[in-house]
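Before anything else, here's the structure in question.
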Amino acid sequence: MPAAGAADFSVSISASGGFITSFVIVLYQLHGRGVPVGCRIYPAHIRPHRSSLHYAGGWQALSSAPTARSLFTIDDTKPIKSPVFSTAADLHWNFDTMQSKEPNSHPAADVPELKSTLTLPQTDFPMKANLPQREPQQLALWSQMDLYGQIRKAAAEPIDGKPRPAYLLHDGPPYANGPLHLGHALNKGLKDFVVKSKTMAGFNSPYVPGYDCHGLPIEIKVDEQLGRKKLEMPPADVLAACRAYAQRFVDLQTSQFVRLGCFGRWNAPYATMSRDYEARTLEAFYGFLEGGFVYRGLKPVYWCIHDRTALADAEIEYEMHTSPSVYVRYALTSDPAALSPALAGRSVYTIIWTTTPWTLPASLAVAFQPTFDYVALAAPEPNGPVYLVAAALAEQVLEACKLSEYKEITRFPGASLECSTYQHPFLNRSILGVLADYVTADQGTGAVHTAPSHGADDFYTGVRYNLDPTCRVDNAGVLRVDPALWPEAEPPAFDGKKVFAANPLIIELLQQRGALLAQQDIHHSYPHCWRCHKPVIFRATEQWFIGLETPVIGADGSQTTFRQRTIEEIDRVVWDPSWGKERITNMIATRPDWCISRQRIWGVPIAVLLCTSCNQPILDADLNRRIVGLVEQKGAEAWHEVAIADLIGPETRCAHCGHAEFRKETDILDVWFDSGSSWHAVAESDPDLSPIYNQPERTVLYLEGGDQHRGWFHSSLLASVALRNRAPYSHVATAGWTLDEQGRAMSKSLGNGVDPVDVAEKMGAEIVRLWIASVDFREDMAASDNLMRRCAEIYRKLRNTFRFLLGNLHGFQPATDALPFDQLLPLDRYMLARTRDLTARVLGWYSAFEFHRIYHAINEFAISDLSAFYLDVLKDRMYTFAPASAARRSAQTTLWQITEALVRLMAPILSFTTEEVWNYLPALPDRAASVHLSLFPRPSDLYPDDPAPLLAEWKSLLELRDVALLALENSRQNKEIGKSLEAELEIAAHGASLDLLQKYASDLKEILNVSRVTVIPGDQLQVTVKPATGSRCNRCWNFMPSVRPYGAWQDVCERCHQALQAMQVPPPTASASAAASTVAASESVQ
RNA sequence: GCGACGGUAGCUCAACGGGUCAGAGCGGCCUCUUUAUAAAAGGCGGGUUAUGGGUUCGAACCCCGUUCAUCGCGCCA
């Protein structure tokens, strides 16, 4: 057995792997074999990569220096019985010093510890959060008590006799085709902060989340699942499959949003595929139709040949693409001499340049810039060809076509090329020379091949020159030659080929016809389908459009256009950040008419009957209403199933041509039309929202990512201005992009995304929420596992601070124990002033959506004001004073008010943890069942007066404290003192500092955490640190002159004497049990 | 290519309309305590405010250029 004598030693441990929470040291006797002389378990908290922890051990007794040593770690999830051997955790250890020391001269072995008479913090609030387990339990409780329902009910109750003002955040629907990503979590998290903070600020703020369900991504997925079967299935079955697919993700995302702690009407979110929503969408379409905004037209639109549908501008993304660019000569067939006498009798050509050879079969014209000079470039040989190109591009073209010996023989203005004619290089077609101002000298030849069916510019030029816009490329992108134009019996090789496959075949044909002058692949950015990421084409088709130039009545009653009217409304909205206004204004100002039709099935049908003769729609408001009614009952399926005869009587005639036969339009609406109608389908129609939304003056917020300027903000604005003559929102806030730690955009290919659900499952939703609050969402935000871990550290600190607050509130009953404000000690009053100040700032930041400032301010408050200062200096008072003493009650009153304030201020962000804290707060008769049913604290409730003077005074006082602490630190470095309580201070000061110190003389000991402070006048500020006189009180560890025995307790100060008596602690006798006094050194690792 | 927004310590953020030597918190390093203990406290480092000019008595802030990052628009033959 160990003999008398103790060893002090220090151990250096580093953990490169996981946490080390405790370790065991086993000592073996010198030369001994397997006989441990003792072992001891040490608590530790060593984080990964922390290099060392020095432990000065109080080893009880050793007979000789130990030699063999073992070190174990104990995983906290396992009992001590199964220690993990050191090497498993990659531990490095050594015993640096081992020396003997005299046994403790004050063995208190036979007297119960004085520690048991202290009022240490006591609470069941667990230090370890265990969020992944605890949060789901909390969610279940909330669900059980129908917390959201209770919040809604409470919102109907007046505050101070006044009804609550309304604040409506209308949810923008995420697309229901996958699990959540961080962007979703950010978006819903921010919305949750807004709704919760508005609610707690006394607003009536309902939140109905929604989902966007229609559209291509889902239909394509369903196509893949159904395969060829789809072609034989009735439309209703296809729709049912799409609905099922979308519903799966609606359910999944709902569960994930709920898991993140977002409150809302999750048991009844809106979905754009619901019967009712579909009917409302159709209603909105009819609104446009009946208002004269809609027209049907043949226009080139972006067309995805893979998805076989038209695409809106907003559905285009530019990606790099390689195109074969070709220079092609078109032979002049009109009189060359008409252009210039110098050309008489020559073989004249113009040269066009294109990157889409497949459009050449549709080539109908060559466009020239009227303001350019064009030159005729002649071959050196007398009867060689002459080429017409823009003067500015001549050199470039000659080089590209390797015609360097060609020389200019004449030049003339571009305008004179109008109405010249050319021969198509391989079709029996005459090509017309036309003028167009969009022809530039950047690229090409100055002579632009014009195919009205495959380009917007080309199309409008075609309209001016009366060219045929018929498109000979079908839905799938297959090219068909017009046999009437093809001179040979055998069709050309490109006939029946898809456009991109036709390119090389057409180039070959040009080569054969001697029309190809040069060819080169170019790598350039090219429009792609945002869904399938395949290159799109321009293709003229019959589409439904909403005209931006539709005449409407302006706000002042004057005649204006839909576009202008919309821009007027933009001006009445508050855009946050403010540049959003400019962005959306520019978009509305320059956008083309809105192509709202899609040639797909998964969506709201454009439910219109068309005359089979003249293709004009029937315009009949009653008919429209009946169709809306049908959709209301049976959803979009109704349109596919209804018979025309059930919609109109046999006597119905086309208003235009008198024809009596009609067909159903089969196109569906653009999905942006769906979500753009949500203000109508939801905000204006849902009974939970409409009373707010339909007020003439109302606050309606849309909060989405900045990309929605071209999306939901945009389509919602157009729909609402057209149908209600006002913007659907009064405020629009936008969030930035989530990036990775290196500032790169998150993408699947980089694999740098952060999965919010994964973080919630591993670390807790609170960590995700805290991250959201930590960043300035208006800018782009960096996110990574690493940053999440950092938030988790902050979380731990906040949680532990709450725990300490609660621990010190033990035994405090507000009704009987709270002191009125004017009886509080000065330090406590100061802390309430700080809390008031914090509260006022936080409330302001909530209303300005500056959540990151809240995060930082509360964090700083908890760490600097509370943990490092107030809670630290309060320990003496809290632990050693009699529990019911006025000074201690003063502190508790303050701690209580601070906790009540903090828990409310943090509730919108840390929704789970604050609820947990809430349940541990002192009981009150009128305490709400949830922190989320409470209101924010009012600054004036915390501190009734203007806090500024007191705050200023304490600012100076704390600066003096810093000086004193520095002096203490110095002494500690010089080994003159250890704990601050071992010191006493003499502070010399003059002037205002002296006044201040004297005013707070009785508080200085506490706020400096030393045994004694004396203030004396002096020439300059000087803090002298001395070892405290008197002896140490074994209870409060202060050094006091009045220390004397209390029963068997030898050294107890006067203050503690009184406290012990007040607590009615009987003086102990020396024979009291010694059993509990020492560490269980006999515990074995075996 | 055009436009918007931004670049402040390793990280997240401050610094009210130009005015004490640019501040916090975290992390890092060092120390202290064992009476918040899988915890608490103190100290120390750390920034030529992306960069180059300019205006000013004075610039992180205002102006111009450059650069990097992100978003948006355009990309047409």
Side-chain angles (χ1 to χ4, degrees), chain A residues 19-22 43-47 49-51 54 76 114-115 118-121 123 127-128 313 318 325 352-356 359 366-367 436 438-440 442-445 447-451 454-458 524-527 538 577 579-580 582-583 586-587 590 705-707 709-710 734 736-737 739 741-745 771 774-776 778-782 784 786-787 790-791 793-794 796-797 800-801 803-805 807-808 852-853 855-857 859-864 867-869 871-872 875-876 878-880 965-966 968-970 972-973 977-980 1009 1035-1037:
Chain A
F19 287 78
I20 296 176
T21 52
S22 54
H45 187 236
I46 302 172
R47 297 189 181 146
H49 308 297
R50 174 152 175 185
S51 66
H54 292 279
D76 72 325
L114 265 170
K115 182 175 169 180
L118 297 173
T119 323
L120 295 178
T123 177
M127 174 177 278
K128 188 163 179 180
D313 289 37
Y318 283 83
S325 80
I352 62 95
W353 178 77
T354 181
T355 56
T356 50
T359 61
V366 179
Y438 55 81
V439 178
T440 65
D442 299 346
Q443 257 183 329
T445 64
V448 175
H449 142 64
T450 299
H454 297 299
D457 288 338
D458 302 38
H524 61 154
S525 90
Y526 186 87
F538 243 104
W579 49 258
E582 191 185 329
R583 178 179 287 186
N586 289 339
M587 282 180 182
T590 58
D707 55 337
H709 287 110
R710 80 165 173 177
T734 48
W737 226 241
L739 309 174
E741 242 175 338
Q742 278 85 45
R744 296 173 306 186
W771 172 77
S774 76
V775 292
D776 181 355
R778 273 159 260 249
E779 306 286 337
D780 291 342
M781 295 145 285
S784 66
N786 196 23
L787 292 172
R790 208 155 279 168
C791 287
E793 290 285 323
I794 301 291
R796 234 170 262 144
K797 179 73 192 182
N800 210 36
T801 304
R803 178 167 186 262
F804 191 62
L805 288 166
N808 280 306
H852 64 289
R853 289 180 191 259
Y855 167 89
H856 284 282
N859 191 216
E860 200 180 325
F861 183 80
I863 289 169
S864 301
S867 188
F869 172 58
L871 300 182
D872 200 42
K875 285 174 190 168
D876 187 51
M878 290 305 302
Y879 298 174
T880 70
L965 290 184
L966 208 58
L968 282 168
E969 178 66 17
N970 247 322
R972 195 170 298 132
Q973 296 290 329
I977 57 162
K979 291 175 68 86
S980 294
N1009 203 15
R1035 183 166 177 274
C1036 68
W1037 296 356

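Hydrogens, waters and symmetry mates play no part in the numbers below; they use all other heavy atoms, side chains included. Sequence lines set the chain letters: A, B, ... in the order given, protein chains first and strands last, and positions in each chain run from 1. Because the structure is a prediction, the values reported are computed rather than measured.
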**Message:** Without decimals, in angstroms, what is the distance between A:Asp780 CG and B:C13 P?
**Reply:**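 So the CG-P distance, A:Asp780 to B:C13, works out to 11 Å.
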**Pairwise C1' distance for B:G43 and B:G7, with rounding to whole Å** =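 Taking atom C1' in both B:G43 and B:G7, they lie 32 Å apart.
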**Request:** Measure from the side chain of A:Trp1037, starting at C-beta and using heavy atoms only, and say which of B:A77, B:C5, B:U34 lies closest.
**Result:**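 Nearest to the side chain of A:Trp1037 among the choices is B:U34.
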**Request:** Describe the nucleic acid contact of A:Thr445 in one word from base, sugar-phosphate, nothing, applying a heavy-atom distance below 4.0 Å.
**Result:**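 It contacts nothing in the nucleic acid.
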**Prompt:** Just how far is it from atom CZ of A:Arg790 to atom CG of A:Leu787, taken to the nearest 0.5 Å?
**Reply:**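 Spacing of CZ (A:Arg790) from CG (A:Leu787) equals 6.0 Å.
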**Phosphate OP1/OP2 of B:C71: any A:Trp737 side-chain N/O under 4.0 Å** =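 Yes, because at least one side-chain N or O of A:Trp737 sits under 4.0 Å from OP1 or OP2 of B:C71.
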**Message:** Is there a side-chain contact between A:Arg803 and the phosphate of B:A39, meaning an N or O under 4.0 Å from OP1 or OP2?
**Reply:**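 False: A:Arg803 side-chain N/O out of range (4.0 Å or more) of B:A39 OP1/OP2.
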**Fill in**
Symbol by symbol from the 5' end, with Watson-Crick or G-U pairs under 3.5 Å, [ ] crossing and | another strand, RNA chain B is ((((.((..((((.....[...)))).((((.........)))).....(((((..]....))))))).))))....
**Message:** Measuring to OP1 and OP2 of B:U31, would you say a side-chain N or O of A:Lys979 lies under 4.0 angstrom away?
**Reply:**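 False: A:Lys979 side-chain N/O out of range (4.0 Å or more) of B:U31 OP1/OP2.
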**Item:** Any A:Arg778 side-chain nitrogen or oxygen under 4.0 Å from OP1 or OP2 of B:C5
**Value:**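 Answer no for this pair, as no side-chain N or O of A:Arg778 is under 4.0 Å from OP1 or OP2.
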**Message:** Using a heavy-atom cut-off of 4.0 Å across all strands, would you classify A:Asn800 as base, sugar-phosphate, or nothing?
**Reply:**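 Base, at least one base atom sits under 4.0 Å.
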**Message:** I want to check one thing: is the phosphate of B:A36, taken as OP1 and OP2, less than 4.0 Å away from some side-chain N or O of A:Tyr879?
**Reply:**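 Checking A:Tyr879 against B:A36: at least one side-chain N or O falls below 4.0 Å of OP1 or OP2.
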**Item:** Any donor-acceptor pair under 3.5 Å from A:Arg803 side chain to A:Thr123 backbone
**Value:**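 No; zero donor-acceptor contacts below 3.5 Å.
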**Prompt:** Please give, in whole Å, the distance from B:G25 C1' to A:His852 NE2?
**Reply:**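 Taking NE2 of A:His852 and C1' of B:G25, I get 14 Å after rounding.
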**Message:** Over 60° means perpendicular and under 30° means parallel, so tell me whether A:His709 and A:Trp579 are parallel, tilted or perpendicular.
**Reply:**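 The rings of A:His709 and A:Trp579 sit tilted, inter-plane angle from 30° to 60°.
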**Message:** Using heavy-atom distances to pick each residue's nearest nucleotide on RNA chain B, tell me which of A:Leu118 and A:Ser774 is more 5'.
**Reply:**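 Checking each residue's closest nucleotide, the 5'-ward one belongs to A:Ser774.
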**Prompt:** Base, sugar-phosphate alone, or nothing: which one does A:Asp776 contact when heavy atoms must sit under 4.0 Å apart?
**Reply:**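 Touches sugar-phosphate only.
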**Message:** Is A:Ser864 close enough to B:G25 that one of its side-chain N or O atoms is under 4.0 Å from OP1 or OP2 there?
**Reply:**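 Answer yes for this pair, as a side-chain N or O of A:Ser864 is under 4.0 Å from OP1 or OP2.
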**Prompt:** Quick one: is B:A40 close enough that its OP1 or OP2 comes under 4.0 Å of any side-chain N or O from A:Lys797?
**Reply:**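 It does, given that an N or O in the side chain of A:Lys797 lies less than 4.0 Å from OP1 or OP2 of B:A40.
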**Request:** Establish, with yes or no, whether the OP1 or OP2 oxygen of B:C76 is under 4.0 angstrom from a side-chain nitrogen or oxygen of A:His449.
**Result:**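 Checking A:His449 against B:C76: no side-chain N or O falls below 4.0 Å of OP1 or OP2.
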**Prompt:** With respect to A:Val439, which candidate in A:Thr445, A:Val366, A:Asp457, A:Val448 satisfies the side chain to side chain contact (heavy atoms under 4.5 Å, CB included) definition?
**Reply:**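 So, applying the side chain to side chain contact (heavy atoms under 4.5 Å, CB included) to A:Val439 and each of A:Thr445, A:Val366, A:Asp457, A:Val448, only A:Val448 qualifies.
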**Item:** d(NE2, A:His709; P, B:U70) in whole Å
**Value:**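 So the two atoms are 20 Å apart, to the nearest Å.
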**Prompt:** Whole Å only: how far is the CG atom of A:Leu120 from the P atom of B:U34?
**Reply:**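 About 14 Å, once rounded to whole Å.
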**Request:** Using the P atoms only, state how far B:G1 lies from B:C68, rounded to an integer number of Å.
**Result:**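 Those two atoms are separated by 11 Å.
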**Prompt:** Rounded to the nearest 0.5 Å, how far apart are OG1 of A:Thr880 and CZ of A:Arg1035?
**Reply:**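 Separation between the atoms: 6.0 Å.
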**Prompt:** Do any side-chain nitrogens or oxygens of A:Ser980 fall under 4.0 Å of OP1 or OP2 in B:G42?
**Reply:**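 So the side chain of A:Ser980 is outside the cut-off, no N or O lying under 4.0 Å from OP1 or OP2 of B:G42.
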**Request:** Name the nucleic acid region contacted by A:Trp579, choosing base, sugar-phosphate or nothing; use a 4.0 angstrom heavy-atom cut-off, strictly under.
**Result:**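 It contacts sugar-phosphate atoms only.
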**Request:** Pick base, sugar-phosphate or nothing for A:Leu965, based on heavy-atom distances below 4.0 Å to the nucleic acid.
**Result:**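 Answer is nothing: A:Leu965 stays at 4.0 Å or more from every strand.
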**Asked** Which nucleotide, B:G72, B:C26, B:U12, lies nearest any side-chain atom of A:Arg790?
**Response**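 Between B:G72, B:C26, B:U12, the one nearest the side chain of A:Arg790 would be B:C26.
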**Message:** Mind checking if A:Ala857 touches a base, just sugar-phosphate, or nothing, with heavy atoms under 4.0 Å?
**Reply:**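 Contact class for A:Ala857: none.
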**Message:** Considering every strand and a 4.0 Å limit on heavy-atom distances, what is the contact class for A:Ile352: base, sugar-phosphate, or nothing?
**Reply:**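 Result for A:Ile352 = nothing.
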**Prompt:** When you measure from the side chain of A:Thr355, which nucleotide among B:A14, B:A77, B:A41 comes out closest?
**Reply:**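 Nucleotide nearest to A:Thr355's side chain: B:A77.
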**Prompt:** Is any N or O donor-acceptor pair between the side chain of A:Lys875 and the base of B:A36 shorter than 3.5 Å?
**Reply:**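 It does, because a donor-acceptor pair links the side chain of A:Lys875 to the base of B:A36 below 3.5 Å.
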